[in-house]
Amino acid sequence: MTPAAFDYLRAESLAQALEALAARGGEATVLAGGQSLVPMLAMRLARPSRIVDIGGLRGLDSIEVAGGVVRLGALVRHRVLERDATVARHLPLLATAAGWVATPAIRNAGTLGGALALGDPAAEYPAVAVALGARLRLVSLAGERWAAASDFFHGAMETDIRPGELLVSAEFPAAAPGDGHGFAEIAERRGDYALAGAALSRRGGAVRIALFGVADATLSCEAAARVLSDEPPAAWDDALLEAVCAAVLDEIAPQAADPLRARLAGVAVLRAARDFLGREPPARRAA
């Protein structure tokens, strides 16, 4: 199939992009890396009247660390997140997840902001953002606002972005001594959409777990997180992890797309916890 007709604008400044978005309201769509939008246009799952290409805007691909916070521009590529030394040091969970995004070709072109703004429930970054307590910066002609990742993802391809807004950056708490993370993804083949996945973080003794690929939205797994938060990692033995797996199933089953994904969610959390402990590191993909 071919896309429906649309106007195209390659923005030369942030102000021009915001003006173009405001002029069409909810009928305009942003193009960043295009790895999700282009196929959706071809299948006419997306039918915008205008596409605003922000791929050439300067300053939206920055990586900054200050005051215990890592600020990532919306145009930072997946490949950069996977390989950048600053990201690996301060956001190891995000660096790990980036290596699991689709295929090398997509990782070379796709962007952090595009993945977050799309809100695909099977994508890695929304879960990582929720697990790490990230904040997202949205700008429009009316000004700017911040949205917590935990409140940002509403459903399948539904986010808190309002008409005329552009996601320009994300802030993540930088990893501190004593923090840890775990990650696991289950898919039929490398590069396929996840059947289930889990992102786990531990900061100051508190554990957060977010699931992807399980339901029509990114899910927080609070019951299992409480079980792990109540015990130091040294006490995360097989019996405790089995109890965590059961807690995931009980909590997620009503929201899961099907019973299989609910069970796989428990397995993903189990593997993520073992990854945290260094028992079961997720395999890295070949470049």
Side-chain angles (χ1 to χ4, degrees), residues 3-4 6-41 45-64 66 69-78 80-81 87 91 94 98 101 106 109-121 123-126 128-130 132-172 217-218:
F6 57 83
D7 296 335
Y8 172 83
L9 171 69
R10 183 169 177 81
E12 297 181 358
S13 68
L14 179 58
Q16 184 184 28
L18 296 178
E19 290 170 359
L21 291 173
R24 295 291 178 91
E27 296 183 0
T29 295
V30 175
L31 172 65
Q35 299 307 291
S36 297
L37 178 60
V38 171
M40 292 174 68
L41 290 171
L45 296 176
R47 300 170 66 101
S49 66
R50 168 175 287 175
I51 290 180
V52 181
D53 186 347
I54 65 169
L57 296 186
R58 296 181 179 180
L60 293 187
D61 60 351
S62 62
I63 299 174
E64 302 173 352
V69 172
V70 183
R71 299 181 182 91
L72 301 175
L75 294 183
V76 176
R77 308 284 175 181
H78 303 317
V80 173
L81 294 173
V87 176
L91 291 175
L94 182 60
V101 173
I106 289 176
T111 64
L112 171 69
L116 292 173
L118 181 64
D120 187 339
E124 295 84 357
Y125 292 167
V128 171
V130 171
L132 290 177
R135 298 195 310 154
L136 310 180
R137 181 175 174 239
L138 302 146
V139 299
S140 67
L141 291 181
E144 72 170 38
R145 68 183 179 95
W146 291 86
S150 57
D151 300 323
F152 186 76
F153 305 103
H154 297 169
M157 317 299 184
E158 296 180 2
T159 69
D160 196 42
I161 296 178
R162 301 167 185 169
E165 287 187 329
L166 178 65
L167 193 159
V168 294
S169 64
E171 286 191 354
F172 295 80
T218 302

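Scope of the values below: all heavy atoms of this structure, side chains included, with no hydrogens, waters or symmetry mates. Predicted model, so just to flag it, every value in this text is computed and none were measured.
- Contact detail for Thr111 and Ala32: the closest heavy-atom pair is OG1-CB, 3.6 Å.
- Between Leu91 and Val128 there is no side-chain heavy-atom pair separated by less than 4.5 Å.
- Among pairs with a residue in residues 156-165, those fulfilling salt bridge (charged side-chain N to carboxylate O under 4.0 Å, His left out) read Arg145-Asp160, Arg145-Glu165, at least two apart in sequence or across chains.
- Smallest separation of non-hydrogen atoms from Gly26 and Pro163: N-CB, 3.7 Å.
- If you take CG on Leu72 and CD1 on Ile63, they are separated by 6.0 Å, rounding to the nearest 0.5 Å.
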Would Val87 and Val76 count as a side chain to side chain contact (heavy atoms under 4.5 Å, CB included) if you check the C-alpha gap in whole Å, the side-chain angles of each, and the deciding distance to 0.1 Å? CA-CA 11 Å; Val87 176; Val76 176; over 6 Å; no
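- Residues Leu138 and Glu144 form no side-chain contact, since every pair of their non-hydrogen atoms from C-beta on lies 4.5 Å or further apart.
- With a 4.5 Å cut-off on side-chain heavy atoms, Thr218 and Phe152 do not count as touching.
- To the nearest 0.5 Å, atom CG of residue Leu81 and atom CD of residue Glu124 are 11.5 Å apart.
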Check the pair Met157 / Asp120 against side chain to side chain contact (heavy atoms under 4.5 Å, CB included), numbers first and verdict last. CA-CA 5 Å; Met157 317 299 184; Asp120 187 339; 3.9 Å; yes
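- Heavy atoms only, all atoms of each residue included: Ala28 and Leu21 are closest at CB-CD2, 3.8 Å.
- Atom CG of Leu136 and atom CZ of Phe153 lie 6.0 Å apart (nearest 0.5 Å).
- Residue pairs meeting the salt bridge (charged side-chain N to carboxylate O under 4.0 Å, His left out) criterion with at least one partner in residues 6-16, sequence neighbours excluded, are Asp7-Arg24, Arg10-Asp53.
- The two atoms that bring Ala117 and Ile161 nearest to each other are CB-CD1, 3.6 Å, heavy atoms only.
- For the atom pair Ile54 CD1 and Ser13 OG, the distance stands at 12.0 Å (nearest 0.5 Å).
- The minimum heavy-atom distance linking Arg77 with Gly33 is given by the pair NH1-CA, 3.8 Å.
- Here Ser169 contributes atom OG and Arg71 contributes atom CZ; the two are 8.5 Å apart, rounded to the nearest 0.5 Å.
- Considering CD of Gln16 and CG of Leu57, their distance stands at 8.5 Å, rounded to 0.5 Å.
- Of all heavy-atom pairs spanning Pro126 and Leu116, the tightest one is N-CD2, 4.0 Å.
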